[in-house]
Structure formats: structure tokens, C-alpha cells
Amino acid sequence: MKKKIVVIIGPTAVGKTKYAIRIAQNLDGEILSADSMQVYEHMNIGSAKPTDEELATVRHHLIGEVDPLQEWSAAEYQKKAKFWIDEMFSRGKLPIICGGTGLYVNSLIYDMDFSTAKGDESLRKELQLLADTMGGQALHDRLTKVDPTAAERIHPNNIKKMIRAIEVVETAGKGIPAFDGVFQKSGDYDSIMIGLNIDRQILYNRIEQRVDAMIEAGLVDEVRMLLALGLTEDDNSMKGIGYKELIGFLQNEYSLKEAVMKIKQNSRNYAKRQMTWFRRYDNIKWFDLTDTVNFEQSVQEVTEYIQSKLVV
RNA sequence: GGAUGGGUGCCCGAGUGGCGAAGGGGCCAGACUGUAAAUCUGGUGCCGACUGGCAUAACACCGCAGGUUCGACUCCUGCUCCAUCCA
């Protein structure tokens, strides 16, 4: 029988962190983050990392472990995450995956093979140049020649996706594994999927409050510090919401007030996209937190649900 | 009191006789196999499954009220509000 992992997902600011910690305590688990920004060192406030206190309560993995100057990718994530899951199993701990990065979650709950082709910087640059000078259609034509199936799936405006598709074919000799919207569940373990959601308007309000709190907690200084470390707006880590907008402010492109508005805006849009992604999961148990008045009781409900699934 | 510019759909904003009004934002929905907090797509007056229907009865119909015209957001008149400048 395959071993079981718990996966807690939901839009940003819904309260995943708090739930995951309490559930880990209840079920003798450890938390494995599935968050593309929280993996980075020094990016604490803006990525809404768990606090030091929280990190001390339950052991966490893949939080603050990557130098933001370093290259990082979903493939890298998958490799390390799987390592940690096995490691937790070996110590008898229940792995609790918690995070809002859909692709990272997919890389664990489905069989996804990122190994076929590594990134090829020079080819990427060449293709980007082609797109810049000749337009997206030219790239799409080229993709059609080497991988018609992929070309059918990818819109000519989606430069990034086309570049990757071409890269895969030209370096690996075959295209991205075809998929028809049906994912193959992971062969390594079974996932108990928990979705946390809340009324949209309430979520949006929480996001705005949290952004204000981040600013008060010193987000601007955090960004200053990262820039001082040599990070620039071109680094992926600095493309995170809360970071890219403040760079603009620090470069005097707009006021702090405007930067804050942009952060709120982008966070809201992000939350929405996350929901689009998560709604596709079947076998997920959604918990609507809209009317939750008692946090502990709510945690208890989720815990009991997981327990019922662990026994089966 | 005088001069000039302007009041357009949730917001910004284009439009100078055929507009249920470009474009952008927001919002809603969707896609997603090595950058994913990224990248991209569609919808958004109302009804509807539609290349369909509805503007003298949901609402709205380009600040308000009239006028000219087959027809006006676009032209004319008056009023009103805002901005800047002069008194």
C-alpha cells in the first residue's frame, strides 16, 4: 500500500500556515512547503513566511533554504521535496505539504517528469530574440514544425511556453510528454487533499490588511536589503509580489502609496489564479472558512477528516 | 464677474454626424509538464445555447434641458458642475 501525504492548499492569505502547523502537531507531522517564494532566504516578510516562533513549533522543510541569487526551478523543487518526503517517512513522520504554488503541488501529486530537457540559456536567448524581432507568430511557426501537438496547445502570444516547448524538442529530441488534461496520479504515494477557501470578498479584505501589515513590519527595508545583496528586478526571486512593486518605488518610479496599491492588486489577482488552478483537483476536500468563528474547532474538523482518510 | 479647457460605461480614457461607444485597468471565467507570486486566453448593458433578441416599461443610452437632422456622444442654444488663469 502506498504511503500517504497530506496536501493543504488554498489561495494566498486564507490561513494555510496556521492550519498546517496545528494539524502537524495533532498528527505528528512535519511541514513541507510548496511555495515558490518562501523557499528563498532573506525573503521573509513579503513572502509571508511562517514566523520564527511558528518555525520552532513544527519542523519545516524548503523554507528559506535557497539563495535568492541562485537559479531555482520546479524541477529542482520536485527533486528536493521528494527527498524530504522520503526522509520524513523514514522517521515515521507524516508529511504535510502546504503551499500555494500549483505547479509545485502538481509535481508531487502527479507523475511529472521534468528531466527530459534541461534549460538551455543560449537557445532561450536566441528564441526570445526571434520573438522580439519577428513576433510571437514566428516562434509559433517554428514550434509547429518541430512539435505540432504542442503548437496546438500553446497560444502564439505565450512566448515563455513556446520557448520551453521548443527547447525541450531541440535538446531532448522529443516533445513535452503529451497530456490531454488527465494527469497520472503519483506512483509514489497517495495524497489526502485539503482545500481551504473563504468568501472572495473576505479574502480580498484579508489580503489588503496583510499587505498593510507587511509594510508596517518593514517590507521596504527588506527589499532594500535584498537590493544591497546584489539582487535586481531581473532575478526570479525578485519577481515575487511585494518585491517587484517596491523596487519600482525605491527607484522613484512611483510613490509608496501607489506601490502598496499595486501589491494589493497583484495579490488579489494571484489569489484568483490560484483558485482557478486548485479547482481542477478532484479528490479534494474543501473547507469553507467563511463562517468559521472558532479556529481550534475548525482545525479539529480538518484533523478528523484527515484521520479518517489515514485509516482507510 | 471674465477667459480657457473639460464633464463618456465600475475606474481611467479615445471618440467630432451612423456607437449599445476604441484601448487600458478592475471584475468574472479559463489555460498551465524546468523562470509558475511567472506566462497566457476569453467574457464584461440586459436576456439567451446561438453568427439570436431587446432601446415608448429591468438598468443603462456618453453632465441636464431643449433644438437642428433620416440619424447626434459628436452640430446649435440655455443651464449646471469641475480645473486652471485673470479680476
Side-chain angles (χ1 to χ4, degrees), chain A residues 11-13 33-40 43 46-49 66 68 70-81 99-121 123-125 127-128 131 136 139-140 147 149-150 152-169 171-172 174-184 186 200-201 204 207 210-211 214 233-246 258 261-281:
Chain A
T12 188
S33 164
D35 187 298
S36 65
M37 295 318 287
Q38 292 183 4
V39 272
Y40 293 115
M43 304 183 69
S47 73
K49 252 183 222 171
V66 178
Q70 201 184 307
E71 292 275 317
W72 179 255
S73 67
E76 206 73 24
Y77 171 80
Q78 184 192 43
K79 213 186 326 173
K80 296 212 170 169
T101 303
L103 183 62
Y104 287 10
V105 173
N106 278 19
S107 80
L108 300 180
I109 65 175
Y110 299 123
D111 275 331
M112 293 176 77
D113 184 11
F114 292 123
S115 67
T116 40
K118 296 198 154 72
D120 180 338
E121 272 318 308
L123 180 61
R124 284 180 187 182
K125 283 211 177 87
L127 293 172
Q128 182 64 51
L139 250 196
H140 198 260
D147 189 345
T149 324
E152 225 168 279
R153 292 205 318 263
I154 304 175
H155 191 99
N157 286 353
N158 206 338
I159 310 289
K160 278 194 179 183
K161 289 249 167 72
M162 289 191 290
I163 289 180
R164 161 96 284 235
I166 294 171
E167 175 182 76
V168 171
V169 185
T171 64
K174 55 178 184 180
I176 293 171
F179 92 87
D180 8 13
V182 182
F183 292 93
Q184 195 62 42
S186 167
R200 187 87 117 228
Q201 200 46 57
Y204 284 179
I207 285 173
R210 190 167 78 167
V211 171
M214 284 175 176
E233 58 195 336
D234 295 324
D235 290 294
N236 276 321
S237 50
M238 293 303 266
K239 289 184 178 146
I241 297 168
Y243 295 93
K244 58 182 172 195
E245 298 88 350
L246 286 175
E258 221 167 312
M261 268 170 46
K262 284 175 201 277
I263 295 172
K264 289 177 178 174
Q265 184 63 197
N266 288 333
S267 301
R268 272 185 267 135
N269 292 166
Y270 172 51
K272 195 173 171 310
R273 264 178 281 129
Q274 286 178 302
M275 282 308 298
T276 299
W277 185 292
F278 297 142
R279 269 197 285 250
R280 291 197 304 182
Y281 292 142

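Quick note on labels: first sequence line is chain A, next is B, and so on, each numbered from 1.
- Contact annotation for A/K272: base contact, defined as any heavy-atom pair under 4.0 Å involving a base atom.
- Comparing the P positions of B/G25 and B/U41 gives a spacing of 11 Å, expressed to the nearest Å.
- Between A/G240 and A/R200, the one whose closest nucleotide on RNA chain B sits nearer the 5' end is A/R200.
- In terms of phosphate contacts, A/K161 brings no side-chain nitrogen or oxygen within less than 4.0 Å of OP1 or OP2 of B/A38.
- By the ring pair (Phe, Tyr, Trp, His ring centres under 6.0 Å) test, A/Y104 pairs with A/Y77, sequence neighbours left out.
- Between A/R153 and B/U33, a side-chain N or O to OP1/OP2 separation shorter than 4.0 Å is present.
- Residue-level contact check: A/T276 touches the bases, meaning some heavy atom is under 4.0 Å from a base atom.
- Toward the 5′ end of RNA chain B lies the nearest nucleotide of A/R124, the other residue of the pair A/S47 and A/R124 mapping further downstream.
- Between A/Y110 and the phosphate of B/U33, there is no side-chain N or O to OP1/OP2 separation shorter than 4.0 Å.
- Residues passing the salt bridge (Lys or Arg N to Asp or Glu O under 4.0 Å) test with A/R279: none are found, sequence neighbours excluded.
- For residues 262-276 of chain A, every residue pair satisfying the salt bridge (Lys or Arg N to Asp or Glu O under 4.0 Å) rule, not counting sequence neighbours, is listed here: A/E208-A/R268, A/D212-A/K264.
- Using a 4.5 Å heavy-atom threshold, the side chains of A/T101 and A/W277 count as separate.
- Under the 3.5 Å distance criterion, with hydrogens and angles disregarded, a donor-acceptor pair is assigned to the side chains of A/T12 and A/R210.
- A/Y77 has no side-chain polar atom (N or O) that falls below the 4.0 Å cut-off from OP1 or OP2 of B/U33.
- With B/U33, B/A38, B/U35 as the choices, the nucleotide that has an atom nearest any side-chain atom of A/M112 turns out to be B/U33.
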Collect all protein-nucleotide pairs involving nucleotides 23-26 of chain B in which both atoms are nitrogen or oxygen and the distance is under 3.5 Å.
| unit_1 | atom_1 | unit_2 | atom_2 | d |
| --- | --- | --- | --- | --- |
| B/G26 | OP1 | A/Q265 | OE1 | 3.2 |
| B/G26 | OP1 | A/N269 | OD1 | 3.1 |
| B/G26 | O5' | A/Q265 | OE1 | 3.2 |
| B/G26 | O3' | A/Q265 | OE1 | 3.1 |

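- Here A/N157 lies in heavy-atom contact (under 4.0 Å) with sugar-phosphate atoms only.
- Shown here are the side-chain contact (heavy atoms from CB on, under 4.5 Å) partners of A/K244, two or more places apart in sequence or in another chain: A/I241, A/N266.
- Rounded to a whole angstrom, the distance from the P atom of B/C64 to that of B/A49 is 34 Å.
- Atom name C1', nucleotides B/C73 and B/G18: the rounded distance is 12 Å, in whole Å.
- At B/A38, one or more side-chain N or O atoms of A/R273 fall inside 4.0 Å of OP1 or OP2 (strictly under the cut-off).
- When the C1' atom is compared between B/C81 and B/G63, the two are found 7 Å apart, to the nearest whole Å.
- Look at the P atom in both B/C10 and B/G6: the space between them is 23 Å, to the nearest Å.
- Residue A/Y204 is classed as a sugar-phosphate contact, given heavy-atom separations below 4.0 Å to backbone atoms only.
- Pairs of Watson-Crick or G-U wobble type, with distances under 3.5 Å, assemble into runs of 3 or more in RNA chain B at these ranges: B:1-7 with B:80-86, B:10-12 with B:23-25, B:26-31 with B:39-44, B:45-47 with B:52-54, B:63-67 with B:75-79.
- The nearest whole Å value for the distance from the CD1 atom in A/I163 to the P atom in B/A36 is 15 Å.
- Here A/G242 lies out of heavy-atom contact (under 4.0 Å) with every strand.
- Residue A/Y243 is classed as having no contact, given no heavy-atom separation below 4.0 Å to the nucleic acid.
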